[in-house]
Structures are given as C-alpha cells and as structure tokens.
Colleague: 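For reference, the structure I am asking about is given below.
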Amino acid sequence: MALELIQAVEQADSSEGLLNSVKALAAASSQQAIPTLITVLGYNNPGAAVAAVDGLIQLGEAAVLPLLEQLDGYNYGARAWAVRALAGIGDPRGLEILLDAAANDFALSVRRAAARGLGTICWELMPAEQIADAQLRAVKTLQQASRDPEWVVRYAAAGGLQALAGAAAVKSDWLAEVSARLEEIAQTDETASVRARALLAKQKLSLG
C-alpha cells in the first residue's frame, strides 16, 4: 500500500495531484514514506509541504534522524520545512537545530515554529545529566526570541517560555527569571496580543 502511495507522489503531474497524493501518503503513517515526505519538502509546493510536515510529525521519532541528515542540503525551503517538522515532533535530538533557527533564521515563520518547538521538547527522552543545561539554553534562546522584531515570533516565544517552565522535567533555578521576563513582556510589548499572551503565560504558571 505504501509503495503505491509513494509512486503516486512521484508520478503526480499537477500541483493538485501532488497535494492529494502527499496527503494520502501522510495519512498512511508508514515509515516507508519518510524519504518521500522529506523529498516533498524541497518541492515548490507549500500545500504539499504542509501535508508532508504533518505526516512527518505524525511519524514522530522515526523521522528525526532522516530529517537531521537532510538539513545540510542547499535547499533553504526544504530546510525551513524540516525545522517545522522537528519543532512539531519535539525530539531532543532536534534541539540544536531549533536553538539556531529560533535565534538566527531569516524567515519569521521558521523562527516562530522553532520558538514554539523549544517549549515542547520531550525532555524525558534526553539523558538526565544533560537536561538542566539544555533547558537553560532553551530559556536563553526563548528570551532572545521574545525580543524579536516580528510580533508573531515574540508571541510564540511567550508561549514557549510558558511550556518550558511548566514541563514536568524542569529542575529550574530560572523560573524567577522567566517570570520577570513574562512580566516585562506583559507590561511593555508594543503588540497587544503579545502582551496578552505573556499575561496568560504568567497566570497559567502561577508565577506571580
């Protein structure tokens, strides 16, 4: 079944046909589909790329190494979609990519996805002795992202800080720092929705 769906993607002769074929392949939730779904990320078809990202997120951990192995290619578009997939999966093996993307990527949509993803890393999958340092790096990067020129990135960063501070694996000395930053955002950000998101984050965390 998966092979037939893969062939349908490879043989699609229109944008609509490609989109429908990728959706069908993603819905199959077959690990055989991973290389093809990753290939689709490099096509100039945003709809198909979204469907491929959804399929890769659904496949979860099995898609992480293939995604990481493809990230050094020259196709920026494919890399951007791959970052979104890694953000959605939340596997800690994607942490370095998300840290870099949240801080440095030139596309606001990628920075936003990475900031959101830093809040939802599955820390329990990381060796226990590495968690504290990794979480601290994530906090620092999210604080930087909370000062991003684009409000959608700042909004995502506020949500990321909330999710990170509320994570079960947190053993934090930095909750007060997060609280202070969220309070600062709630009081001073130029965009009302970002201020509201930071205030909600504080309320959810009961941080003051």
Side-chain angles (χ1 to χ4, degrees), residues 1-126 138 141-142 145 148 150 152-153 155-157 159-160 163:
M1 180 67 174
L3 291 178
E4 294 176 4
L5 295 171
I6 289 169
Q7 287 178 343
V9 171
E10 293 173 344
Q11 295 171 5
D13 57 4
S14 69
S15 294
E16 184 177 359
L18 177 63
L19 174 58
N20 292 333
S21 297
V22 174
K23 284 182 176 179
L25 181 59
S29 297
S30 169
Q31 292 189 18
Q32 288 179 282
I34 291 173
T36 302
L37 292 173
I38 291 175
T39 298
V40 170
L41 301 181
Y43 294 170
N44 186 24
N45 188 316
V50 168
V53 167
D54 289 344
L56 291 164
I57 291 172
Q58 188 172 335
L59 285 162
E61 185 179 340
V64 173
L65 279 180
L67 279 165
L68 291 174
E69 288 168 358
Q70 295 296 319
L71 278 171
D72 290 331
Y74 294 109
N75 186 323
Y76 171 77
R79 180 183 177 87
W81 289 113
V83 169
R84 297 183 204 198
L86 289 169
I89 294 169
D91 190 291
R93 288 173 292 176
L95 178 63
E96 296 299 327
I97 297 298
L98 297 182
L99 289 168
D100 180 66
N104 302 313
D105 200 280
F106 70 81
L108 69 89
S109 60
V110 177
R111 298 198 305 277
R112 176 182 60 184
R116 187 183 299 125
L118 286 174
T120 55
I121 294 290
C122 299
W123 300 108
E124 65 274 13
L125 299 178
M126 178 176 280
T141 299
L142 285 170
D148 194 276
E150 300 289 347
V152 293
V153 180
Y155 186 100

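The structure displayed is predicted, hence computed values, not measured ones.
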Colleague: Do I38 and W81 make a side-chain contact, defined as non-hydrogen atoms from C-beta onward lying under 4.5 Å apart?
Modeller: no
Colleague: To the nearest 0.5 Å, how far apart are CG in L98 and CG in D105?
Modeller: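 One finds 11.0 Å between CG of L98 and CG of D105.
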Colleague: Roughly how far apart are L18 CG and D13 CG, rounded to 0.5 Å?
Modeller: 10.0 Å
Colleague: Between L25 and V40, is any pair of side-chain heavy atoms under 4.5 Å apart?
Modeller: no
Colleague: When you compare the side chain of V9 with that of T39, does any pair of heavy atoms fall below 4.5 Å?
Modeller: no
Colleague: How long is the straight-line distance from CG of L5 back to OG of S21, given to the nearest 0.5 Å?
Modeller: 8.5 Å
Colleague: Would you find a donor on one side and an acceptor on the other, under 3.5 Å apart, between the side chain of R111 and the backbone of F106?
Modeller: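 Here the side-chain-to-backbone pair exists.
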Colleague: Where is the tightest heavy-atom contact between A115 and A145, given as atom of each residue plus distance?
Modeller: CB-CB, 4.5 Å
Colleague: Given side chains that start at C-beta, do those of L59 and L37 come closer than 4.5 Å, heavy atoms only?
Modeller: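 They are in side-chain contact.
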Colleague: Would you call L67 and I97 a side-chain contact if the rule is heavy atoms closer than 4.5 Å?
Modeller: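 Result no, sub-4.5 Å side-chain heavy-atom pair not found.
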Colleague: Regarding D148 and Y155, do their side chains bring together a donor and an acceptor under 3.5 Å, going by distance alone?
Modeller: no
Colleague: For the residue pair R84 and S109, establish whether any side-chain heavy-atom pair is separated by less than 4.5 Å.
Modeller: yes
Colleague: State, with a plain yes or no, whether a side-chain heavy atom of L95 is found less than 4.5 Å away from one of L118.
Modeller: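 The answer is yes; the side chains approach within 4.5 Å.
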Colleague: Of the non-hydrogen atoms in A102 and T141, which two are nearest, and what is the gap between them?
Modeller: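 Of all heavy-atom pairs spanning A102 and T141, the closest is CB-CG2, 3.8 Å.
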Colleague: Within the supplied structure, the quantity of interest is the number of heavy atoms (other residues, nucleotides, ligands) at a distance under 6.0 Å from E16 CD; does it exceed 12?
Modeller: no
Colleague: For the residue pair C122 and P92, what are the closest heavy atoms and their distance?
Modeller: O-CD, 3.6 Å
Colleague: Please tell me if the side chains of L68 and L86 come closer than 4.5 Å, counting only heavy atoms from C-beta onward.
Modeller: yes
Colleague: Can you confirm whether more than 12 heavy atoms, excluding those of Q11, are under 6.0 Å from its CD atom?
Modeller: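 Yes - once you tally the heavy atoms of other residues, nucleotides and ligands closer than 6.0 Å, there are more than 12.
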